[in-house]
Amino acid sequence: MVQYKWVALSNTTIGVLMASINSTIMLISLPAIFRGINIDPFSSGSFVYLLWILMGYMVVTAVMLVTVGRLSDIFGRVRLFNFGFLIFTIGSILLFITPNKGDLGAQEIIIFRMVQAIGGSFLFANSAAIITDSFGPTERGKAMGINQIAALAGSLVGLILGGLLATINWRYVFLVSVPVGILGTVWSYLKLKDHSIRHKDQKIDIAGNVTFAGGLTLILLGITYGLMPYGTSSMGWGNPWVITSIIAGFAMVVAFVLVERVVAQPMFNLSLFKNRAFTTGSVAGMLQSMGMGGAMFMIIILLQGVWLPLHGYSYTSVPFWAGIYMIPMMAGFVVLGPISGAISDKAGARTISTIGMAISAVSFILLSTLSYNFSYPVFGAMLFMMGSGMGLFAAPNITAIMNSVQPQLRGVASGMRATLQNTGQTASMGIFFTIVLVSLTSKLPSAFTLALGQAGAPELIPFFIKIPPTSALFSAFLGYNPVATILSLFPKGSVSSILNPSVVTYLEGKTWFPHALAGAFMGALRMSFYIGAAIFAMAAILSALRGKRYIFGEAATADIKEKSEGAVQSPVGSPGMSKAQEAYTEPGAESSGKALTANDVINKGDKVRLNTAEESID
């Protein structure tokens with residue numbers, strides 16, 4: 001019979017697989033989706049839809065994760081995990097049937113994506129906690145590594161499926177999550193059991209939830225709208241609403257900290273941040289997400305907007321091929337993810353996770369040395385190097401975080417870890433988008449002026465220099481032929497009357513726009529790589545400072561082992577059994593007369609009840 005721990009791992013892995021497929025399939029299918037709902041990348045307001053479809057999901061999950069983690073500690077992790085599967089599946093169905101087109105259709109997709117995000121927050125907040133509940137300390141790293149492989153495999157599957165399904169019908173992109181969601185929903189309801197430790201008579205911290213969710217929402221909304229044009233500026237950082245939103249958001253986060261210090265039953269136990277393993281691991285994970293998220297987005301723009309068209313790929317096909325050419329990075333992660341997890345089970349996370357972040361930082365520096373018309377084998381090797389570093393870091397880091405916290409706080413701890421990670425990813429979009437847009441705003445007009453003059457089309461210069469940088473970036477990312485789209489806005493016949501047909505053909509070809517964009521884009525891309533390397537270096541330093549391998553309750557376990565050596569096991573509560581042994585009992589042990597040995601305590605993580613830890617927190 002299959003052990004329960006593998007059932008729990010398979011259920012949580014399905015959840016991660018579904019969520020990761022959804023993230024990349026959306027990224028690679030945006031061109032087909034926007035064409036399907038008739039959104040023009042050069043129309044006013046289109047960039048707003050792009051940002052909200054990409055970032056709305058991250059904003060909602062980041063805001064909800066800690067609250068969901070706390071609710072899971074109160075009402076049961078498995079119950080809320082199951083509920084997350086159901087909500088995510090409903091969101092996928094709604095996206096598939098999106099009834100309208102144009103602006104209304106885009107708004108519906110954004111709302112339905114947020115429904116998915118609510119379900120995703122229940123899955124993300126509980127998956128690591130359920131794995132930790134189900135596996136003993138000697139196997140958790142390996143289990144986390146397998147779980148992380150599913151995440152990367154899902155990303156790869158999403159890229160391939162998105163490219164294939166988008167050529168058939170854009171709605172199928174959302175339908176693919178439905179059967180996986182139904183399977184996960186049914187299986188989790190039938191097979192998952194709640195082995196978490198919960199306090200009795202817990203209450204919801206309303207003030208803490210309101211201040212935390214409100215503050216984080218305002219900060220992330222401010223970042224999102226800061227990337228949108230405002231007035232004559234290409235970005236909105238000078239928008240009074242953006243400034244007010246960010247300031248008010250930080251004020252509410254400060255209020256949250258003050259509230260949590262005085263309420264009897266706080267939403268988040270701030271004492272967790274006194275735990276060095278939890279704090280360093282969580283912040284390192286946030287930095288890793290911050291360095292990776294925006295920089296990877298820039299790499300995809302480099303591939304789709306510059307390198308792939310230069311090498312003969314049509315604009316409509318570049319989103320799919322960009323995913324294919326990113327496979328080396330995922331391969332590095334898949335190869336080293338489970339190995340690093342198994343190593344950390346024995347040696348701890350400090351050394352291997354630090355090495356992983358250092359390798360990823362070096363890979364960013366190497367990427368910054370490439371020209372825009374690089375040799376792919378060299379580029380692919382650098383991506384593999386980066387993925388390998390990420391694989392060395394991810395599973396050990398998560399395992400070290402979850403090992404360090406009390407069993408009854410695993411839900412909220414996992415929620416805070418995931419919140420920091422999602423917040424880092426959202427912030428990275430703000431950081432790297434700002435770098436690129438500032439560069440394009442200053443350099444793109446002169447780049448277009450030079451390129452149009454060399455192409456024999458100086459008559460188009462007054463029109464091209466007025467193109468918003470967001471539109472140029474948007475069209476490159478979505479796989480549109482940007483020049484053909486721009487020229488289609490001219491009155492019929494006017495272009496042919498002022499330009500030679502051969503010049504028009506050259507401008508609409510695969511090489512002119514990539515060369516023109518590259519001159520303005522590459523400086524910003526290199527700057528983003530330098531910043532990514534610096535962020536990864538900080539993550540490596542934090543990993544090195546996390547301390548030696550630490551598992552909560554291990555000291556008590558050692559005490560049990562010492563007292564049980566050479567002793568004859570006695571029934572629970574008998575005179576021959578130590579008080580420490582009585583504290584660790586298996587469900588039903590009281591009636592069966594079976595006591596747990598030290599090895600039982602270590603290895604049966606899905607059955608142990610750490611009563612002594614519970615008493616120490618009360």
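Residue indices begin at 1 and follow the sequence shown.
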Using a 3.5 Å distance criterion without hydrogens, assess whether the side chain of [X] forms a donor-acceptor pair with backbone atoms of [Y].
X      : Y      : answer
Arg113 : Gly91  : no
Ser360 : Met357 : no
Ser353 : Asn397 : no
Trp170 : Arg35  : no
Thr279 : Arg276 : no
Ser289 : Met286 : no
Tyr376 : Tyr325 : yes
Ser528 : Leu525 : yes
Ser439 : Val436 : no

To the nearest 0.5 Å, what is the distance between [atom1] on [X] and [atom2] on [Y]?
X      : Y      : atom1 : atom2 : result
Met390 : Met330 : CE    : CE    : 11.5 Å
Leu383 : Ile299 : CG    : CD1   : 5.5 Å
Leu302 : Tyr372 : CG    : OH    : 11.0 Å
Ile300 : Leu308 : CD1   : CG    : 11.0 Å
Phe384 : Met329 : CZ    : CE    : 12.5 Å
Met18  : Gln116 : CE    : CD    : 8.0 Å

*Donor on one side chain, acceptor on other, Arg546 and Ser404, under 3.5 Å*: no
Identify the two heavy atoms, one from [X] and one from [Y], that lie closest to each other, and give their separation to 0.1 Å.
X      : Y      : result
Leu392 : Gly356 : CB-CA, 3.7 Å
Pro396 : Gly391 : CD-O, 4.4 Å
Pro514 : Val306 : CB-O, 3.6 Å
Leu95  : Ile109 : CD2-O, 3.6 Å

Side-chain contact, heavy-atom cut-off 4.5 Å: [X] with [Y]?
X      : Y      : answer
Val176 : Val180 : no
Lys510 : Tyr313 : no
Leu452 : Trp512 : yes

*Please say which of Ile431, Val438, Leu437 ends up in a side-chain contact (heavy atoms from CB on, under 4.5 Å) with Ile435.*
Ile431
*Report the relative orientation of the aromatic rings in Tyr57 and Phe88; use parallel for angles under 30°, tilted for 30 to 60°, perpendicular for over 60°.*
perpendicular
*Ring-ring centroid check Phe273 Phe278, cutoff 6.0 Å*: yes
